[in-house]
Amino acid sequence: MRALVWHGKSDVRCDSVPDPTIEDPRDVIVKITSTAICGSDLHLYDGYMPTMEDGDILGHEPMGEVVEVGTAITKFGIGDRIVVPFTIACGSCFFCEKQLYSCCDTTNRDAEKAAKMMGHAPSGLFGYSHLTGHYPGGQAEYLRVPFADVSPIKIENDSLTDEQVLFLSDIFPTGYMAAENACIEVGDTVAVWGCGPVGQFAIQSAWMFGADRVIAIDRVPERLVMASKHGRAEVINFEKIQGGVYDKLQEMTHGRGPDRCIDAVGAEAHGGGAFDAVLDKAKATVMLATDRAHVLREAIMCCRKGGTVSIPGVYVGFLDNVPMGAAMNKGLTLRMGQTHVKRYLPELLGKIDSGEIDPSFVITHNRPLEEGPELYRTFRDKEDGCIKVVLKP
């Protein structure tokens, strides 16, 4: 089969690789009909995620048609159309029973390696390094889905296109959980850093939780237009304002600060000419740091006293100069984590099915799988108006 394969920093190729096979009775094999490039894939592409190996198959936002089932599978049959969450959960461990599916104790095949870096291992993830189980990803013609009787969801409504339901695999639940983690109360002002796909869904979800105002912060014009048009957000282009984001948010909130702040950027933040952002970039360039934490610092400083900072943006390792004194003395709550996708699927599919939201609005590029290597570059460099890439194997 054809698949997008990682061969090193900024080196993704469309290669011929062996087809997946059933390895366990709880497996299914899916013929991928649509898959996507995620912003967190760029951390792999840019070489920030450790333990990637030459030959790893990328991708964690897939859906398709079941073509083979393991002997223990009764939930799905051949021909079923399913969306596959990026987090792999066993369904029966301590954490899965608490619906903390991204903390599953069973599915990370590299648990010992991950525990040395993180203290404990998160769940297995598709296509996301040898810290998260080294599972081949879904930017491919076929995908083996382990523990398939747990997390994937069947799409019963044939009138829904792939483009409408594909993002149930990751970015719609991730944006929704980010808003949930922000503890939004009716009437709150919510500030969202980053208007990429996760940020767009965090904006949409903030309204669902009762926000009175949503303020979106970015520097890419087409992302800000999308946040304004589709997300009904007030927007800040941090490269165009006088002073900094802190001053602007203070002005917009009459000195109080936003009630809830969402960092939808993560490890590769750009902070314009801000001193800490310049220093972050310099240290990352010479591998003295793994993450650029400008947005997290800014969110902590901007958030009102007693507020919440929600962090769906992916961080990789150790952060420098995070103002924990400010977070503590202001009484902030910080909530974060990989998304417990299964928890949200029935509710969010219902919102799509009812017409409350059509997630396809984020798609700017819908192309063949073979164009994936070039589209990784286009997405990373924010060229050609690229906000979200869907690939068709």
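All figures in this text were calculated on a predicted structure; none of them were measured in a lab. Keep in mind that the numbers below use all heavy atoms, side chains included, and drop hydrogens, waters and symmetry copies.
Side-chain contact between D27 and P146: present, with at least one pair of heavy atoms (C-beta onward) separated by less than 4.5 Å. Side chains of V190 and F209 form no contact here, defined as non-hydrogen atoms less than 4.5 Å apart. A 4.5 Å side-chain heavy-atom check between C302 and W193 finds at least one atom pair inside the cut-off. For the pair L131/M118, a side-chain contact is recorded, criterion being any heavy-atom separation below 4.5 Å from C-beta on. You'll find the side chain of S310 stays beyond 4.5 Å of the side chain of R260, heavy atoms only. Contact check for Y315 versus D263: side-chain heavy atoms found under the 4.5 Å cut-off. Taking the side chain as every heavy atom from C-beta outward, Y142 and E68 never approach each other to under 4.5 Å. In this structure, N157 and V165 have side chains that are not in contact, with every pair of non-hydrogen atoms separated by 4.5 Å or more.
In this structure, the side chain of Q250 engages the main chain of G255 through a donor-acceptor pair within 3.5 Å. Looking at W6, its side chain does come within 3.5 Å of a backbone N or O of L44 through a donor-acceptor pair. Remark: side-chain polar atoms of R109 are paired, donor with acceptor, to backbone N or O of G133 under 3.5 angstrom. Of the possible donor and acceptor atoms, none in the side chain of R380 sits under 3.5 Å from a partner among the backbone N and O of D46. The backbone N or O of V341 lies less than 3.5 Å from no partner atom in the side chain of T339, so there is not a single donor-acceptor pair. Formation of a donor-acceptor pair under 3.5 Å by the D259 side chain with backbone atoms of T189 is found in this model. A distance-only check finds a donor-acceptor pair linking the side chain of R2 to the backbone of C14 [under 3.5 Å]. Looking only at distances, no side-chain donor or acceptor of S151 sits under 3.5 Å from a matching main-chain atom of P85. The closest donor-acceptor contact from the side chain of Q200 to the backbone of R223 lies under 3.5 Å. Without hydrogens or angle criteria, R304 side chain to T253 main chain gives no donor-acceptor distance under 3.5 Å.
Atoms CG and OG1, on D19 and T21 in that order, are 9.0 Å from each other to the nearest 0.5 Å. In this structure, OG in S360 is found 10.0 Å from CG in N366, a value given to the nearest 0.5 Å. Rounded to the nearest 0.5 angstrom, Y48 OH and H43 NE2 are separated by 10.0 Å. Note: T33 OG1 to E65 CD = 8.0 Å, rounded to the nearest 0.5 Å. One distance of note links NE2 of H7 with CG of D15; it measures 3.5 Å at 0.5 Å rounding. Here the CZ-CD1 distance, from F76 to I153, works out to 8.0 Å after rounding to the nearest 0.5 Å.
Under a hydrophobic-cluster definition in which Ile, Leu, Val, Met, Phe, Trp and Tyr are linked whenever side-chain heavy atoms come within less than 4.5 Å, directly or via other members, L296 and M324 are assigned to the same cluster. Residues I32 and L391 do not share a hydrophobic cluster, defined by chaining ILVMFWY side chains whose heavy atoms lie under 4.5 Å apart. V5 and L369 fall into different hydrophobic clusters, where Ile, Leu, Val, Met, Phe, Trp and Tyr side chains are chained together by heavy-atom contacts under 4.5 Å. No continuous path of ILVMFWY side-chain contacts below 4.5 Å connects I155 to V145, so the two sit in separate hydrophobic clusters. Cluster annotation: F147 and V69 are assigned to the same hydrophobic cluster (Ile/Leu/Val/Met/Phe/Trp/Tyr, side-chain heavy-atom contacts under 4.5 Å, transitive).
No more than 12 heavy atoms of other residues, nucleotides or ligands shown are found within 6.0 angstrom of CD on E112. More than 12 heavy atoms of other residues, nucleotides or ligands sit less than 6.0 Å from atom CE of M208. Residue K330 qualifies as enclosed at atom NZ: its count of foreign heavy atoms under 6.0 Å is above 12.
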Q: For side chain to side chain contact (heavy atoms under 4.5 Å, CB included), just list the numbers for I37 and H365, CA-CA rounded to whole Å, side-chain angles, deciding distance to a tenth of an Å, and then say yes or no.
A: CA-CA 10 Å; I37 301 176; H365 292 64; over 6 Å; no
Q: Apply side chain to side chain contact (heavy atoms under 4.5 Å, CB included) to the pair F167 and V390, showing each step before the final yes or no.
A: CA-CA 10 Å; F167 304 134; V390 172; 3.9 Å; yes
Q: Just do the side chain to side chain contact (heavy atoms under 4.5 Å, CB included) check on I217 and K248 with the steps written out, would you?
A: CA-CA 11 Å; I217 303 151; K248 185 64 175 177; over 6 Å; no
Q: Check the pair K388, I171 against side chain to side chain contact (heavy atoms under 4.5 Å, CB included), reporting the backbone distance first and the verdict last.
A: CA-CA 11 Å; K388 187 64 179 179; I171 56 173; 3.7 Å; yes
Q: Start with the C-alpha distance between Q338 and Y128, add both sets of side-chain angles, then the distance that settles side chain to side chain donor-acceptor pair (under 3.5 Å), and finish with yes or no.
A: CA-CA 12 Å; Q338 296 284 9; Y128 216 77; over 6 Å; no
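Ring geometry, Y176 versus Y344: the interplanar angle exceeds 60°, so the pair is classed perpendicular (tilted spans 30 to 60°).
Nearest heavy-atom pair across T106 and C90 is OG1-SG, 3.4 Å. Scanning both residues, A293 and V322, for their nearest heavy atoms gives CB-CG2, 4.5 Å. In this structure, K113 and H130 approach most closely via the heavy-atom pair CD-O, 3.4 Å. Nearest heavy-atom pair, A327 versus I300, reported as atom, atom and distance to 0.1 Å: N-CG2, 3.8 Å. Of all heavy-atom pairs between D384 and T378, the closest is CB-CG2, 4.1 Å. Closest of all the heavy-atom pairs between I57 and A140 is CG2-CB, 4.4 Å.
Comment: R81 engages D162 in a salt bridge, judged by a side-chain N to carboxylate O separation of less than 4.0 angstrom. Salt bridge annotation for K392-E163: present, with a cationic side-chain nitrogen under 4.0 angstrom from a carboxylate oxygen. Ion pairing between a basic and an acidic side chain is recognised when a charged N comes within 4.0 Å of a carboxylate O; D149 and K75 show no such pairing.
Considering P18, S16, P20 in turn, P20 is the only one that fulfils the side-chain contact (heavy atoms from CB on, under 4.5 Å) rule with M1. The only member of I387, V225, V265, L224 that meets side-chain contact (heavy atoms from CB on, under 4.5 Å) when paired with C195 is L224.
Sorted by first and then second residue, the salt bridge (Lys or Arg N to Asp or Glu O under 4.0 Å) pairs involving residues 363-378 (not counting sequence neighbours) are R367-E371, E374-R377. The side-chain hydrogen bond (donor to acceptor under 3.5 Å, both in side chains) analysis of residues 85-103, with sequence neighbours excluded, yields the pairs S102-H340.
Using a 3.5 Å distance cut-off with no hydrogens or angles, the side chains of Y376 and Q139 do pair a donor with an acceptor.
Between F86 and Y135, the ring centre distance reaches or exceeds 6.0 Å.
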